[in-house]
Amino acid sequence: MINRCFNTKKGLLFGILSFLLEIHELNFPKLIMKIATYNVNGVNGRLPVLLRWLEETKPDVVCLQELKAPQDKFPLQAINDAGYEAIWHGQKSWNGVAILARGMEIQELRRGLPGDDDDSPSRYIEASINGMVIGCLYLPNGNPAPGPKFDYKLDWFERFTLHAKQLVEMNLPVVLVGDYNVMPTELDVYKPERWVEDALFRPETRAAFKRVVDQGWTDAIRTLYPEEKIYTFYDYFRNAYGRDAGLRIDHFLLNPALAKRLKRGAVDRHVRGWEKTSDHCPVWIELMEA
DNA sequence: ATGACTGGTGTGACCAGA
């Protein structure tokens, strides 16, 4: 078979090319790094969906939000069996964030933001993976607004903004990814006029998001799709998914060192149509290796 | 505009989500 293959010029060329590709693969195993974010809305209740999606799309790094599980109820064994290492910051009933990585070491840098109280909700975890800093966040919802919950959202945003300022200027690639609970512009809401009073879309919220971006961050998905309606969340109510009545609230912010490596990205919208699914869709980007 | 779903908790006319 091989002899016959190399008996022709075409066959020989094919053989050489295959050999070179193989060498290339061996020396540069990760030309593309795929990073995903997924607000699972309960990591244990969502486990079959999460594992199915991991198997289907095989991201290299995954940021999860809304684990809704205490620290000792994180399904580590199932995640390991799927081929992923994990660090997580759990909490009883609500919140909770995790970072998963396939075939790479995860070095935890911090959990919680500078200035958080000791008993603050589990909304931020940060790690270094393969020379890249990854901050996984679950920003407070803030409703009803105005009120103490909205004040808490803006306070959290302020602490996050200060931390982001430290990271954006680093000479390392940095991504701040997760559920921001912000629709940055009218293009990110199916019906903007209905949401102007909502904590996810109020002028103060959008202004807070803009202050972070203006530090020098790149909103990866909006950069890839400058004009398109693209949603990452659909309410369980009123057949929102079927009507495409969605919101874009899950974001990747890339610092300048990383933004130049952005190649592709998309929402795994179909996952929202699965049985027992989250109200959020997984979202992912692909980065060229430096 | 309202209430419609869902997960977690642990049976609460519960809470919170977005």
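Just so you know, these numbers use all the heavy atoms, side chains as well, and skip hydrogens, waters and symmetry mates. The sequence lines fix the lettering, A, B, ..., with proteins before strands; numbering per chain opens at 1.
One finds no side-chain N or O of A:Lys68 lying less than 4.0 angstrom from the OP1 or OP2 phosphate oxygen of B:dG17.
A donor-acceptor contact closer than 3.5 angstrom links the side chains of A:Asn39 and A:Glu66. Neither side chain, A:Asp117 nor A:Ser120, offers a donor N or O lying under 3.5 Å from an acceptor on the other.
Put simply, CG on A:Asn41 is 15 Å from P on B:dA16, counting in whole angstrom units. Look at CG on A:Leu67: it is 19 Å from P on B:dA16, rounded to the nearest Å. To the nearest angstrom, C1' of B:dG8 lies 12 Å from NZ of A:Lys276. The separation between A:Lys92 atom NZ and B:dA16 atom C1' is 15 Å, rounded to whole Å. Put simply, CZ on A:Phe237 is 6 Å from C1' on B:dA4, counting in whole angstrom units. Put simply, CD on A:Glu66 is 11 Å from C1' on B:dG8, counting in whole angstrom units. Regarding A:Asn143, its CG atom lies at a distance of 12 Å from the P atom of B:dA16, rounded to whole Å. Counting to the nearest Å, the P atom of B:dC5 and the CZ atom of A:Arg243 are 12 Å from each other.
Nucleic acid contact class of A:Asp235 (heavy atoms, under 4.0 Å, all strands): none. A:Tyr138 comes within 4.0 angstrom of sugar-phosphate atoms only, judged by non-hydrogen atoms across all strands, and of no base. A:Asn95 comes within 4.0 angstrom of no nucleic acid atom, judged by non-hydrogen atoms across all strands.
The same atom, C1', is picked in B:dA4 and in B:dA16; the two are 16 Å apart, to the nearest Å. Going from the P atom of B:dC5 to that of B:dT11 covers 26 Å, rounded to whole Å. The C1' atoms of B:dA13 and B:dA1 are separated by 24 Å, rounded to the nearest whole Å. Comparing the P positions of B:dT9 and B:dC15 gives an interatomic distance of 16 Å, to the nearest angstrom. Between B:dG10 and B:dT2, the two C1' atoms lie 30 Å apart (nearest whole Å).
Contact of A:Arg46 with B:dG7 (side chain to base): no donor-acceptor pair of N or O atoms is detected under 3.5 Å.
Map A:Lys149 and A:Thr277 each onto its nearest nucleotide of DNA chain B; the residue landing nearer the 5' end is A:Thr277. Comparing A:Asn39 and A:Gln91 against DNA chain B, the residue whose closest nucleotide sits nearer the 5' end is A:Gln91.
Expressed to the nearest 0.5 Å, how far CZ of A:Phe157 lies from CG of A:Leu154 amounts to 8.5 Å.
Judged by a 6.0 Å distance limit and a 45° cone about the ring axis, A:Arg248 is not positioned over the six-membered ring of A:Phe233. Remark: A:Arg202 is positioned above the aromatic ring of A:Phe150, its terminal NZ or CZ atom under 6.0 angstrom from the ring centre and at most 45 degrees off the axis.
Summarising the base pairing, B:dT6 is matched to B:dA16 through a Watson-Crick or G-U wobble pair whose two defining distances lie under 3.5 Å.
Distance from the side chain of A:Pro70 is smallest for B:dT9 among the nucleotides B:dT9, B:dG7, B:dT2. Taking every side-chain heavy atom of A:Tyr236 into account, B:dC5 is the closest of B:dA1, B:dC15, B:dC5.
Remark: A:Asp60 does not engage A:Lys34 in a salt bridge, criterion side-chain N to carboxylate O under 4.0 Å.
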